[in-house]
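Just below is one structure, and these are the notes that go with it.
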2 protein chains.
Amino acid sequence: MIAEILSTGDEIRSGALIDSNSAYIAQRLEEIGFPVLRHTSVGDDVDIIVSTLKEIGSRSDIAVVTGGLGPTTDDLTAEAAAKAAGVELKLDEVALSSIERFFKRLNRPMSETNRKQAMLPEGSERLDNPIGTAPGFMLKVDRCHFFFLPGVPAEMILMLSDKVLPRLVKLRGIDQSYFLVKTISTFGLPESTTGEKIADLTSAFPDIKLGLRAKFPEIQIKLYVNGDDENKLNDLVEKATEWVLEQIGNRVFATDGSAMEEIIGRLIKEKKATLAIGESCTGGLISHWLTNVPGSSDYFLFSGVAYSNEAKINVLGVSRETLERYGAVHEETVKEMAEGARRLSGATYGIATSGIAGPDGGTEDKPVGTVCIGIASPMGVEGRRFFFPFGERARNKQIFAMTALDLLRRKLLGA
Amino acid sequence: MIAEILSTGDEIRSGALIDSNSAYIAQRLEEIGFPVLRHTSVGDDVDIIVSTLKEIGSRSDIAVVTGGLGPTTDDLTAEAAAKAAGVELKLDEVALSSIERFFKRLNRPMSETNRKQAMLPEGSERLDNPIGTAPGFMLKVDRCHFFFLPGVPAEMILMLSDKVLPRLVKLRGIDQSYFLVKTISTFGLPESTTGEKIADLTSAFPDIKLGLRAKFPEIQIKLYVNGDDENKLNDLVEKATEWVLEQIGNRVFATDGSAMEEIIGRLIKEKKATLAIGESCTGGLISHWLTNVPGSSDYFLFSGVAYSNEAKINVLGVSRETLERYGAVHEETVKEMAEGARRLSGATYGIATSGIAGPDGGTEDKPVGTVCIGIASPMGVEGRRFFFPFGERARNKQIFAMTALDLLRRKLLGA
């Protein structure tokens, strides 16, 4: 089966927006056994969308299209799809009442232009959008099954998982083999070192295809395998995962695709423990990550984002003497911050960060990229110092935050 | 002149890598008057690359191609280009000695595979690569001038600027025209309402092309214009921006593409004021955004992320009575949180959030999507309640945080 991806929109065509949707869709399709042959992006031009749909329709079996389902005049995808299939647009009553409900919940009048979003090509199958106004739809053009989704990433991701992938698995039929993808998430080694450590995997497991993906700041090891016997595939992947764990050791933090903050949540819950944070250079990012996990209020008690020295003293209880003697970026300071956050909130564990994210504030002694991390637990408190050479504020915040969570993870595991 | 972009490589085709090169190239081409018609990505497959080059060659005037110029066996672009043009590959002596020099500088032996990189299609024009081993080249296939560049972003960016754009300006000839894009950032109106309010723009300013982009939770209005006289274009865009401001009013928060947190930073600095935050449901996201701005330590003093009631009481000084009488999600509670954060850190302004991000915790009275926001200033403190129907934790955190910052922005502006 040949698969393609089409993204539409002037913002992508003109380069104002980087098209991350297409990469995401390609990965998800590949995981269920539909390698993508090509990606195309075109602007908000109905004739060009029509001719591109026809082109793809003549050469591919399935295609996922994103963008152009919004309410405005430059949202032209439904119109173009109808033209390409040689059908009319028709009001979909279910889609309309779903849009009406959306605005009712919002307590806002529905605008007349939103009605346009309920106009779907005749003969198409509606794909409900649970979190936005734009419904998607499936439509056959020539030999190809097209799945039309909104361009808003959160809506696209949800609808791809819930509406598109299950239909594709059905389309693929039962004569097809199984595809398994295992994601092993690591943190703390460079991509090249990670690759070298597991270079022999393909000779030890010749049926497994190996992929490395840098998803800053983690490095994911991907194992791809396909065949007829699902149980055998599962066994094989399990053995290969064991093998990888032997090579990479405790740099592996998840073997099920979970994010670091989910792993932390699980470990903390298992111990029936609680957590508090004192953040300086990470500026709230650790708290933001931790609270992205539903149910985190069970164990996450408090974070004090203390940028100023006064806040470190007044809120987190760092002693003025320590700050004056060692400065804000120091092992002793983060130890007091971690202990302060823990004491203040009565949490079992406390972690703290203080460092120099840049672009300014670096010195010869403590260049941009320096971070100190404190971890406090009922067993005591320790402070450590790290340096990362990325030299860019956003990346530094991310790798500082990830390093703090990884230290906590290892502490929780006793590893 | 019709322009296209082609990126090659299995890592892009399979989605392992997001193709940011194409967006960059599209922007640079558009700036010098070559709007890009479409982007295509294909894998490392010589037949598919050949047929794609022929396709583009038959319909476009210029194309920039990235990737596949490396030394390995899956670097196939030069071979494919030669096939598409019906010529042979030929050793380019200048390219070879440049690659040899590269390895000499590095003090490493040159590998035999690197010799392959000096093989260019007959009749092509070499484009030197000052920082890598892969030379690029220009080659005409059918009616189209193709510029082949390496996929490594740093090399591509340099060669595009130094080798490709000057040649394109020459190709274009003297009918020079300028392109301007203006971004007007708004928050607080749905995309459809925003579109309706400015629907008449194109009749008031027929030379301006209008685009709307939902960059959740903001809506960006984009004005595109091109012509010969740069000053006239600037005047026109300025007038159109004024017109948009009249229609949208204080929902516009930036007219230079700035993020909300940058605007807040500027306004706070202008007032020589400082800021503190008490976050519950936003879980650190407001602090994270604010501290993404370099120099934010000048005005951002402290954020207390108080998920638990105890932390609201002990750290932010909310009274137990208020929490017992009204609950955590209430105007009175966020007023005390905002005032507490302000008092604790000595900041000029305090803002606070408490709400229900979901997926759990909603009640009939306070469903998922409810948020209360408090704003404290030297003039007093106020609390407001909002409801958003997105029903999804990550989006709720974002729109809650943005709403809080937007209330602060309007308070700072007195608007």
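To find a chain, count down the sequence lines: A is the first, B the second, and so on, and within it residues start at 1.
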Checking heavy atoms, do the side chain of [X], its backbone, both or neither come under 4.5 Å from chain A?
X	result
Leu6(B)	neither
Pro367(B)	neither
Glu196(B)	side chain
Ala26(B)	both
Ile5(B)	neither
Arg395(B)	side chain
Val42(B)	both

Which bit of Arg108(A) comes within less than 4.5 Å of chain B, counting heavy atoms only: side chain, backbone, both or neither?
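Answer is side chain: those atoms of Arg108(A) sit under 4.5 Å from chain B.
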
To the nearest 0.5 Å, what is the distance between CG (Asp75(A)) and CG (Leu212(B))?
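That separation rounds to 8.5 Å.
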
Flag the pair His39(B) / Ser22(A) as yes when at least one side-chain heavy-atom distance between them is below 4.5 Å, and no otherwise.
no

Heavy-atom check, side chain of Thr72(A) versus side chain of Glu191(B), under 4.5 Å
yes

Flag, side chain of Arg13(A) to backbone of Val36(B), donor-acceptor distance under 3.5 Å:
yes

Test: Asp10(A) and Lys209(B) ion pair at under 4.0 Å:
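A salt bridge links Asp10(A) with Lys209(B).
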
Heavy atom to heavy atom, less than 4.5 Å: which residues from residues 288-295 of chain A reach chain B?
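Within residues 288-295 of chain A, near chain B: His288(A), Thr291(A), Asn292(A), Val293(A), Pro294(A).
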
